[in-house]
There are 2 protein chains.
Amino acid sequence: MKEEQSSTQENNDLARKLAHSGMRMTSQREHVYRTLLNQTDHPTADDVYLRAKADMPEISIATVYNTLDALVKCGLIKQVNVERTATRYCSNMKEHCHFFCGECGNIHDVDYKKGRDELPVKIPRNLIPTQVDISIRGHCINPLSCPNRSKN
Amino acid sequence: MKEEQSSTQENNDLARKLAHSGMRMTSQREHVYRTLLNQTDHPTADDVYLRAKADMPEISIATVYNTLDALVKCGLIKQVNVERTATRYCSNMKEHCHFFCGECGNIHDVDYKKGRDELPVKIPRNLIPTQVDISIRGHCINPLSCPNRSKN
DNA sequence: AATTGTATTTAGAATCATTCTAAGTATTGA
DNA sequence: TCAATACTTAGAATGATTCTAAATACAATT
Ligand SMILES: [Mn+2]
Ligand SMILES: [Mn+2]
Ligand SMILES: [Zn+2]
Ligand SMILES: [Zn+2]
């Protein structure tokens, strides 16, 4: 029932934000969104497609791409580009940054420090920043979280 | 002659670093490297190809891609991925980060503050970072540096 | 309810950046 | 000079994403 409750809460969120951007609430959009919320990882469009298809076999990859775009525009998910392979998607909307493990390919969320507000960069006055992304690459040291931890 | 001097200096650098990675110094590699050093912007592989072709009409796009890879491996240039369009290349090897203007598409180098060494993130102990990238997006306010500054 | 206009979904084609392949050319070092 | 290896090249192949055009669903009028 906690499930059910959060479910309707998130649906309201979705419906409201879609409407705000002049879009309709559809079963596909709801299902793709729900698929993303169920994952703490950072799936590619194709990952989302495969997962979504399990419960909605008729859904198309085009719709998944369209929906992911829509969700990004609505501010319900974020795109993550650590590698220059397929774009990955993040449904954690708390401010955070990303750690990419070059060995297992996993992306981990990394929180900001409490006190932080000052960025360590000096942006010239003629450049107006709207968004700052910090991405970290490295590797996991835990064989459980990192399958490919044999080599090294 | 200042030109010539720095020219040979950079060639030595190139030859030495290529050799260190077991690669030969070739006219194409020298030319591509020189093309990159001449630019303060962040060209795509195709940009580099077009510029390089002006002085070396026989060069192929495949060689440009191969050379850019080689230069990255040698630590002479860096790849920059702000957008998920074509990879761009940076020949400024001083530690810095990137500002991407969503209006003109230009990428500007942004320096770190002097005192900085502390990153504003708390990386879990099971993740070992090897590289941190900060990328900023926003827009230029100078119509000279930003051609598309009419709209807004 | 039937009609109309618009949004959405879909499969497949098209595009773009990049990598791969296979053949030709250059360089090195016995 | 010869053979081994590295390099360059054009074009084919790939992978991710976007585009296109037709079918379907939906909402607002009649
Ligand atoms: Mn995330
Ligand atoms: Mn740069
Ligand atoms: Zn890992
Ligand atoms: Zn600009």
Side-chain angles (χ1 to χ4, degrees), chain A residues 14-15 17-35 42-53 55-74 76-89 105 107, chain B residues 14-35 42-53 55-74 76-89 100 105 107:
Chain A
L14 175 59
K17 293 204 171 162
L18 282 171
H20 182 269
S21 299
M23 293 167 166
R24 292 177 189 161
M25 171 77 144
T26 68
S27 63
Q28 287 90 341
R29 285 176 181 160
E30 184 187 335
H31 185 56
V32 165
Y33 184 45
R34 202 146 292 290
T35 300
H42 296 79
T44 64
D46 203 61
D47 292 336
V48 174
Y49 173 55
L50 295 175
R51 290 169 192 177
K53 222 171 32 166
D55 287 323
M56 187 183 266
E58 347 67 57
I59 199 169
S60 73
I61 182 74
T63 295
V64 170
Y65 271 107
N66 291 341
T67 301
L68 290 172
D69 274 11
L71 295 176
V72 169
K73 284 204 190 87
C74 292
L76 287 162
I77 63 172
K78 282 181 299 198
Q79 289 189 311
V80 179
N81 284 297
V82 269
E83 285 229 284
R84 72 160 296 88
T85 50
T87 297
R88 299 169 70 160
Y89 295 87
I107 294 177
Chain B
L14 175 58
R16 192 165 39 75
K17 294 203 171 162
L18 282 170
H20 182 268
S21 300
M23 291 169 167
R24 292 176 189 161
M25 171 77 147
T26 67
S27 62
Q28 287 91 341
R29 284 175 182 162
E30 183 187 334
H31 185 57
V32 166
Y33 183 44
R34 201 145 291 290
T35 300
H42 296 78
T44 64
D46 204 62
D47 292 335
V48 174
Y49 172 56
L50 294 173
R51 290 171 192 178
K53 219 169 38 162
D55 288 322
M56 187 183 266
E58 346 69 56
I59 200 169
S60 72
I61 183 74
T63 295
V64 170
Y65 271 107
N66 291 340
T67 300
L68 290 171
D69 273 12
L71 294 176
V72 169
K73 284 204 190 88
C74 291
L76 287 162
I77 64 173
K78 283 182 298 198
Q79 290 189 313
V80 179
N81 284 296
V82 269
E83 284 229 283
R84 74 161 292 86
T85 50
T87 296
R88 299 171 68 160
Y89 295 87
F100 172 71
I107 294 176

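Bear in mind the structure is a predicted one, so any value in this text is a computation, not a measurement. We name chains A, B, ... by the order of the sequence lines, and we start the count at 1 in each one. Atoms considered below: every heavy atom in the structure, side chains included; atoms not considered: hydrogens, waters and symmetry mates.
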Could you check how far [atom1] of [X] sits from [atom2] of [N], rounded to whole Å?
| X | N | atom1 | atom2 | answer |
| --- | --- | --- | --- | --- |
| A:N81 | D:dT17 | CG | C1' | 12 Å |
| A:M23 | C:dT9 | CE | C1' | 14 Å |
| A:R88 | D:dG15 | CZ | P | 17 Å |
| B:Y49 | D:dT8 | OH | P | 14 Å |
| A:E58 | D:dA23 | CD | P | 19 Å |
| A:H31 | C:dT8 | NE2 | P | 18 Å |
| A:K53 | C:dT10 | NZ | P | 12 Å |
| B:L18 | D:dT8 | CG | C1' | 15 Å |

What residue pairs, at least two apart or across chains, pass salt bridge (Lys or Arg N to Asp or Glu O under 4.0 Å) with a residue in residues 76-89 of chain B? none
Taking all non-hydrogen atoms of both residues, which atom of [X] and which atom of [Y] are closest, and how far apart?
| X | Y | result |
| --- | --- | --- |
| B:C74 | B:M23 | SG-SD, 4.5 Å |
| B:Y33 | B:L14 | CD2-CD2, 3.7 Å |
| A:A52 | A:H31 | O-NE2, 2.9 Å |

Heavy-atom donor-acceptor pair, B:D47 side chain to B:T44 backbone, under 3.5 Å: yes
Checking all strands, does A:I61 fall into the base, sugar-phosphate, or nothing category for heavy-atom contacts under 4.0 angstrom? nothing
What nucleic acid atoms does B:N66 come within less than 4.0 Å of, heavy atoms only: base, sugar-phosphate, or nothing? base
Examine [N]: is either OP1 or OP2 under 4.0 Å from a nitrogen or oxygen in the side chain of [X]? Give yes or no.
| X | N | value |
| --- | --- | --- |
| B:Q28 | D:dT9 | yes |
| B:R84 | D:dA16 | no |
| A:T87 | D:dT17 | yes |

[X] side-chain proximity, nearest of [options]:
| X | options | answer |
| --- | --- | --- |
| A:Y65 | D:dA10, D:dT8, D:dT17 | D:dT17 |
| A:T26 | C:dT9, C:dT18, D:dT8 | C:dT9 |
| A:T63 | D:dT17, C:dT10, D:dA10 | C:dT10 |

With the side chain counted from C-beta on, respond yes when B:T87 and B:L68 share a heavy-atom pair under 4.5 Å apart, and no when they do not. no
What residue pairs, at least two apart or across chains, pass side-chain hydrogen bond (donor to acceptor under 3.5 Å, both in side chains) with a residue in residues 18-29 of chain A? none
Classify every nucleotide of nucleotides 21-30 of chain C by which part a protein heavy atom approaches to under 4.0 Å, writing B for the base, S for the sugar-phosphate alone and - for neither, in 5'-to-3' order. ------B---
When B:V64 and A:D69 are each assigned the nearest nucleotide of DNA chain D, the 5'-most assignment goes to B:V64
Per nearest nucleotide of DNA chain D, the residue lying toward the 5' end, B:M56 or A:T85, is B:M56
Please round to the nearest 0.5 Å and tell me the distance separating atom CG of A:N81 and atom OG1 of B:T85. 9.5 Å
